[in-house]
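Read the numbers this way: they start at 1 and go in the same order the structure lists the ligands and their atoms. These numbers were taken from a predicted model, which means no experiment stands behind them. Just so it is clear, the values below take in all heavy atoms, side chains as well, and ignore hydrogens, waters and symmetry mates.
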Amino acid sequence: MRRFERKQNIFRNKDALGESYRPDQIEERDEEIEEYMDALQPVVDGWEPNNIFLYGNTGVGKTAVTDYLLDRLKDDVADYDDVDLAIISVNCKTLNSSYQVAVELVNKLRPAGGEISSTGYPQQTVFKKLYGELEAIGGTILIVLDEVDSIGDRDELLYELPRARANNNLDSTKVGVIGISNDFKFRDQLDPRVQDTLCERELQFPPYDAPELENILESRAEVAIAENAVEQGVLKFCAALAARDSGSARQALDLLRLAGEIAENREVDLIERDHVEAARSRLEQERVEEGMRELTTHGRLALLAVVSKAAKEETPSRTREIYEEYTALCDSSGTDSLAQRSVHNHLSDLRMLGILSAYENRSGSRGNYYSYELDVPFTSAIEAMSDVLRLNSEIETIRDIASMNNVV
Ligand SMILES: Nc1ncnc2c1ncn2[C@@H]1O[C@H](COP(=O)(O)OP(=O)(O)OP(=O)(O)O)[C@@H](O)[C@H]1O
């Protein structure tokens, strides 16, 4: 067996490409930072903070910019004796009601051993306990609620918290809420009263374009990657791929990190374009697998039907044709098939997940119909499918047909 050996030809500090790294510098967000600083100005001036709602797609720097600015704000207000600032951050991802977020906040503020249980209290009791903790800290408190959309429509806390002082629930403490979300619908679904308070200041972070992503990658590569370990054009390529797909800095950084790991495993000292291509297809496969995990058996069978059509070079394919393929697969797997209408719904879900793309065709008097094709490489889709459906011989046949047709 080989020994573990330290590898450092490619990476100088791989953690700097990871999710928990906090960059010293934020690139390409000058305007947003200006606006954000304006919204935070009342804190420095000693007034009641604005409530801020920050939204934009995933990976566009909402959390990074917030962390960076709040660190700065903390340092800068230290110069003013009459401002006492505390910042509490909670990620709401696993908390799907006001009640749960309030419990989480109380428990963050209490010393170990003093936590309250996450069930069993009336909501107002938990809110009261929260006000008690906030009042005990005093001064100005900014509460950051990341992924705030997880709270869903049980959003009373978002209404109560910013008004706590006006409603005499807090006496001297000044509270501001910073809500962060990548769900564009969330804001519009909020109760209008919540909208008015929480969205006092709204900041939108647009997706990055390719040159912006390239700058972000360059500044991160300086910290993360060994000297002369990236072939010329590779950062541009990663940036272009991520810009075309999502405009997400996370995606661009993930591509670079994985490309570096692939280069490392191939025992070369240079990250090349090929490694980025390989990283892209692996990440795409992960995305399909992740999407697939959420699918029901029928969703998977509907996807496999499209994969089978793709192997025969028959995509884009109409729902009716996909449905025939689907019923045949159901027969082979001993599963009762659903009606065509339901399969159509599964196909539109797969489209939402970015696994399929759809085209609307107009067929004159007989109305419109949709046709579908894979929006991910054939290989990624079939690889992801092999583990989860017990249809080995069918999947082998599809693979054979695909290789005869040179479909990859
Ligand atoms: N402008 C930037 N300069 C430097 N690094 C950035 C910038 N924008 C994003 N990043 C980096 O990209 C990654 C993703 O950013 P971040 O977590 O802030 O995205 P987000 O908008 O909060 O996404 P999500 O909604 O998924 O939480 C992080 O590693 C972050 O450090």
- May I ask you to say whether K236 pairs ionically with E214, meaning some side-chain N is under 4.0 Å from a carboxylate O? yes

- Item | Residue shell around ligand 1, heavy atom under 4.0 angstrom | E19, P23, Q25, I26, E27, R29, N57, T58, G59, V60, G61, K62, T63, A64, N182, Y208, I216, R220, A249, R250, L253

- Are R257 and D254 close enough for a salt bridge, meaning some N to O gap below 4.0 Å? yes

- Message: Assess whether a salt bridge exists between R29 and E212, defined as any Lys/Arg side-chain N lying under 4.0 Å from an Asp/Glu carboxylate O.
- Response: no

- Task: Kindly assign one of parallel, tilted or perpendicular to the pair H344 and Y370, based on the angle between their ring planes and the thresholds 30° and 60°.
- Result: tilted

- Note on the structure: When rounded to the nearest 0.5 Å, the distance separating NE2 of H298 from CG of D336 is 7.5 Å

- Message: Is a donor from one side chain sitting under 3.5 angstrom from an acceptor on the other, for D146 and T63?
- Response: yes

